[in-house]
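Everything on this sheet refers to the single structure shown next.
Here is how names work: the chains are called A, B, and so on, in the same order as the sequence lines, proteins then strands, and each is numbered from 1.
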Amino acid sequence: MKVDATIREIDIETVRKDFPVLSVKMGDNSIAYLDSGATAQKPLAVIERMKEFDSHQYATVHRGSYRLGEEATQIFESGRETIASFIGAKQGREIVYTSGATMSINLVAYGYGRKFIRRGDEIVISDMEHHANIVPWLKLCEETGAVLKVIPVTETGEFDESAFVKLLSARTKLVSITHVSNVLGTVNRVKELSALAHSAGAKVLVDGAQAAPHMKIDVSEIDSDFYVFSGHKMYGPTGVGVLYGKYDLLETMDPLLTGGDMIERVTFAGATYAPPPQRFEAGTPPITQVVGLCAAIDYLSAIGMETIEERERELLEYGSDLLRKIPQVRIIGTAPGKAAILSFVVDSVHPHDMVTILDGEGVAVRGGHHCAQPLMDRYNIPAATRASLAFYNTTEELDRLSAAIRKAVALFG
Amino acid sequence: MKVDATIREIDIETVRKDFPVLSVKMGDNSIAYLDSGATAQKPLAVIERMKEFDSHQYATVHRGSYRLGEEATQIFESGRETIASFIGAKQGREIVYTSGATMSINLVAYGYGRKFIRRGDEIVISDMEHHANIVPWLKLCEETGAVLKVIPVTETGEFDESAFVKLLSARTKLVSITHVSNVLGTVNRVKELSALAHSAGAKVLVDGAQAAPHMKIDVSEIDSDFYVFSGHKMYGPTGVGVLYGKYDLLETMDPLLTGGDMIERVTFAGATYAPPPQRFEAGTPPITQVVGLCAAIDYLSAIGMETIEERERELLEYGSDLLRKIPQVRIIGTAPGKAAILSFVVDSVHPHDMVTILDGEGVAVRGGHHCAQPLMDRYNIPAATRASLAFYNTTEELDRLSAAIRKAVALFG
Amino acid sequence: MSYSSDLYQQVILDHNRKPRNFFAMEDSTHHCEGYNPLCGDKITVYLKVGNGGVIEDISFNGSGCAISKSSASMMTAFLKGKTIDTAKSVFESFHAMVTDDPGFDQAKSNLGKLAIFEGVREYPSRIKCATLSWHTLISAIDDKKEAQTE
Amino acid sequence: MSYSSDLYQQVILDHNRKPRNFFAMEDSTHHCEGYNPLCGDKITVYLKVGNGGVIEDISFNGSGCAISKSSASMMTAFLKGKTIDTAKSVFESFHAMVTDDPGFDQAKSNLGKLAIFEGVREYPSRIKCATLSWHTLISAIDDKKEAQTE
Ligand SMILES: Cc1ncc(COP(=O)(O)O)c(C=O)c1O
Ligand SMILES: Cc1ncc(COP(=O)(O)O)c(C=O)c1O
């Protein structure tokens with residue numbers, strides 16, 4: 001299959017031209033953008049598609065029965081099929097458009113949690129969750145009297161699965177875990193964990209914010225009840241996200257937001273709600289952003305998620321090797337098969353200073369708690385520096401990262 | 001002041017070129033887009049600004065302390081000042097970014113309502129509210145045992161103010177009313193109503209979704225406690241909206257969504273929340289859409305809201321005259337000084353058929369209940385047809401509207 | 001010819017103006033109210049089903065647009081005297097026609113005059129208008145209380 | 001010269017490496033913990049204030065980046081022996097300098113060596129690092145329990 005492989009291999013020079021931000025200058029250099037875990041840059045295909053839509057196809061959806069509106073509706077609604085097939089969902093109507101992963105999780109915490117979770121019930125999350133997958137559950141527990149249980153994380157950054165099994169019981173109502181850790185890069189065995197949770201009778205939410213941009217997702221195989229992610233982290237626009245939910249479950253849930261477009265009948269005595277996914281999409285949805293997200297999916301699919309995964313694996317290996325050669329660097333998160341996220345600490349250089357020094361060299365990384373304070377506590381560090389990679393990064397950028405870290409180490413001696 | 005007047009007068013040919021959708025063909029004609037009340041078309045200034053931002057300035061905000069991220073944060077945060085000064089708010093930190101007017105109202109219903117409204121308390125809305133300003137209050141009443149009171153609307157489509165005064169009492173906790181009706185076009189005396197509500201000790205929310213795009217707003221003069229609107233209706237992008245709130249009130253409120261970026265500290269024992277506006281902006285915000293909204297505001301300010309108001313008033317007069325000449329047409333909403341919204345019914349032609357016939361002539365209007373079912377009940381009509389105008393419309397388009405209505409009337413005889 | 005004239009053909013306009021079987025049936029064996037939340041159309045369908053599942057009488061009333069009204073009117077005219085099984089199979093053909101189902105074959109279908117609604121498929125937001133009475137019919141047969149367009 | 005070298009000058013690096021007055025004061029008259037939620041910096045400032053509002057001793061401890069640590073260190077060195085009123089006015093100058101307040105005039109200011117932090121204004125996200133110890137100081141003087149960067 002040599003021919004195929006050649007076609008599918010990434011032509012990095014061409015790919016980089018697709019992403020205009022990658023050519024932005026920082027001082028004398030182009031920026032080395034190593035913060036795709038926070039947000040990914042957008043290819044021209046996405047930027048231009050939104051421009052085209054806003055310029056020639058824009059109208060509101062569901063309400064306008066003139067042609068412009070019907071076509072906009074058709075484009076908008078068919079996005080559900082595009083997304084469903086991208087993540088292996090069976091039906092477009094299992095795709096709820098939201099404003100982001102955070103909103104998707106809140107929607108489940110409210111629409112499912114508030115409705116079905118009671119005092120004494122248990123919700124299981126983990127030590128490596130993003131605040132988006134912690135705070136909504138803290139709030140739910142506070143309001144309902146449910147109890148939060150936390151899967152511990154091993155030193156390498158993996159779930160302690162036997163501890164997980166022990167946490168499960170008849171009281172476990174929901175297990176909400178990340179697919180890929182935004183700090184450690186760990187790829188969790190969500191399929192297996194999901195099966196375990198199901199056999200205890202719990203529902204499962206998988207936070208795919210860091211997974212969907214970087215690997216082939218198959219929610220039917222994972223068999224989670226919910227799966228969430230954000231557009232902006234997968235090369236699409238800000239302002240849009242997705243909640244996938246099994247349809248029969250969505251049907252039982254309450255809306256988080258109410259208003260126009262999600263109702264059937266309204267009188268001052270009460271309102272009846274539309275079926276999913278409309279029930280969860282009150283008000284004018286992020287129309288242009290859904291179009292942009294679908295353009296991002298088309299772009300990714302054209303390259304191929306396997307190709308992306310492979311390239312990122314190579315970059316990760318290259319970068320890890322470089323960092324391991326700097327004695328002062330301690331890498332946080334060393335699970336086998338991890339995703340292309342390199343978090344590290346250097347005792348003498350606070351992450352905040354590290355970020356500034358690296359920025360001086362045109363290398364953009366993130367320092368801080370990465371919205372994962374409990375994980376920082378777990379590793380007993382106040383903060384960490386994170387380089388998070390995407391397929392558009394290069395080994396040359398990683399060389400620059402490594403040289404800049406060495407410079408910081410030398411400066412702070 | 002002749003010079004000024006000339007400068008500020010709208011050069012309609014130039015203005016129309018700013019809006020690419022207005023040149024889209026429907027059959028032989030350009031589209032006559034008369035559905036700006038549902039959503040407004042976007043000028044190139046907005047479309048290009050978002051493209052520019054995504055192409056050369058894009059990064060996440062608040063978290064990235066490298067230069068690209070700091071500049072993005074600065075652009076994003078300074079948007080609060082732009083918006084504040086556009087609506088007469090005193091401080092940028094009184095501007096909360098949301099995903100739209102619907103979300104803004106839900107935020108108040110949840111963050112203020114759930115926290116401060118109790119069984120027996122009363123919430124006052126009106127007969128002419130959009131579902132976005134009805135259903136969240138219905139839900140709140142259901143959950144808290146509060147009581148919903150409704151200001152009646154007169155035959156011309158105005159608030160019955162003496163009835164309003166009678167509704168107010170010490171039990172009234174919140175008055176939530178629209179500034180401009182999306183069906184009737186009525187411009188409500190929100191400043192006076194707000195003063196009345198305040199003297200009864202109630203808080204006031206004004207739904208400005210239909211007002212902000214069409215007139216100079218001054219929230220300090222109106223003195224409402226909250227003011228909400230959507231980006232997409234004011235020539236900006238979908239996916240972004242605004243909640244203005246008096247700062248000391250925002251400080252007392254709970255967040256609707258929780259997650260990253262809105263917290264101070266998180267442990268598994270609990271989380272503390274950041275001060276407003278961050279408290280209400282969980283997760284990655286609609287960064288590019290805020291930039292687009294600010295570009296829309298700059299565009300509108302360059303033309304001048306007074307100029308826009310005047311042009312729309314002229315268009316409304318012209319259109320009303322045409323419609324009044326068709327005997328079968330009954331205009332719904334005839335309040336003096338109304339905004340440029342023309343809703344009407346024709347006994348022999350159902351609005352749904354009207355829309356299709358008009359669409360056949362390239363005239364895009366909306367038919368249905370306009371997310372205002374109680375108002376339809378008030379006028380005892382199942383639905384209405386609505387032409388909603390913007391400054392970019394022309395008298396020629398209104399001629400086409402009128403001719404198309406005559407054609408429909410003739411066809412259905 | 002303008003965009004909308006292949007939708008509003010004379011037959012449709014005529015059924016809209018003078019709907020057939022337009023009354024509330026007092027002695028129906030089945031009836032159901034159908035509602036299209038999008039445009040507020042509301043239609044009740046009444047059936048009197050006799051031996052062997054024969055539709056002895058059928059009527060409707062309510063309010064709606066020309067498409068939903070004429071579709072209901074033509075449906076009642078078409079089905080009177082036919083069996084419930086036939087009604088169900090005609091519904092399926094009708095649905096396939098207006099939703100542009102690739103398996104649908106006009107020539108082989110049993111739609112007769114109802115084929116005039118073929119043009120509706122060009123107007124996605126109007127498909128629900130054309131099918132409202134049909135969905136309501138099926139719900140009436142199945143003794144459901146309320147019907148809704150998908 | 002690279003972008004960041006005007007920020008990380010030798011004096012700053014030196015104070016970071018060997019912070020002055022870096023200890024928890026047992027007999028302080030005022031103390032306060034300051035926290036920067038963005039980067040997790042945590043600093044406690046201790047004061048011993050004597051007659052006439054003179055700062056007889058001042059110290060800090062905690063963890064933070066080089067900017068917040070060196071700023072705290074230089075602040076303590078600078079303020080020892082000065083009065084509370086002076087401390088407040090120095091804070092105002094310092095704040096005006098790093099936030100690039102148009103009214104700020106370096107030449108006329110009372111900042112002395114602290115002027116080395118002028119470069120911070122080019123790094124918006126680091127301004128809070130430089131001012132954390134100062135905000136904490138002011139809160140300590142005002143007997144608040146906790147301080148936070150704005
Ligand atoms: C008066 C009024 N309020 C609220 C809304 C809701 O706005 P959005 O759908 O942008 O959230 C609308 C728009 O339909 C409106 O016209
Ligand atoms: C693992 C994980 N979950 C959730 C989120 C929240 O995503 P958003 O900020 O787009 O809502 C993020 C992004 O920061 C993340 O990394």
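- Counting heavy atoms from C-beta on, the side chains of B:T238 and A:Q289 come closer than 4.5 Å.
- Between B:P374 and A:T267 the shortest side-chain heavy-atom distance does not fall below 4.5 Å.
- Taking CG of A:L22 as the start and OG of B:S55 as the end, the distance is 11.0 Å to the nearest 0.5 Å.
- A 4.5 Å side-chain heavy-atom check between A:H369 and B:V266 finds every atom pair outside the cut-off.
- Across A:S99 and B:S99, no two heavy atoms sit closer than the pair CB-CB, 4.4 Å.
- Among all heavy-atom pairs drawn from B:Q41 and A:D54, the shortest one is OE1-O, 4.4 Å.
- Distance alone, capped at 3.5 Å, is enough to place a donor-acceptor pair between the B:R67 side chain and the A:D359 backbone.
- Looking at heavy atoms from C-beta onward, A:R366 lies out of side-chain contact with B:T60 at the 4.5 angstrom threshold.
- In this structure, the portions of B:V21 lying under 4.5 Å from any heavy atom of chain A include both its backbone and its side chain.
- Contact annotation: the side chain of A:D35 approaches that of B:Y66 to within less than 4.5 Å [non-hydrogen atoms, C-beta and beyond].
- Minimum heavy-atom separation, A:I263 to B:Q373: CD1-NE2, 4.0 Å.
- Within the 4.5 angstrom heavy-atom criterion, atoms from both the backbone and the side chain of A:K51 approach chain B.
- Within the 4.5 angstrom heavy-atom criterion, only side-chain atoms of A:L148, from C-beta onward, approach chain B.
- Only the side chain of A:I125 comes within contact range of chain B, judged by heavy atoms closer than 4.5 Å.
- Looking at A:E129, neither its backbone nor its side chain comes within 4.5 Å of chain B, counting heavy atoms on both sides.
- When heavy atoms are compared at a cutoff of 4.5 Å, B:R386 does not approach chain A at all.
- Most heavy-atom pairs under 4.5 Å with chain A, from the set B:T258, B:T102, B:V135: that is B:T258.
- Only the side chain of A:Y273 comes within contact range of chain B, with at least one heavy atom under 4.5 Å from a heavy atom of that chain.
- The choice from B:D127, B:V240, B:V290 that makes the most heavy-atom pairs within less than 4.5 Å of chain A is B:D127.
- Neither the backbone nor the side chain of A:P43 has a heavy atom closer than 4.5 Å to any heavy atom of chain B.
- In this structure, B:F268 and A:S126 approach most closely via the heavy-atom pair CZ-O, 3.7 Å.
- The choice from B:N106, B:T39, B:I287 that makes the most heavy-atom pairs within less than 4.5 Å of chain A is B:N106.
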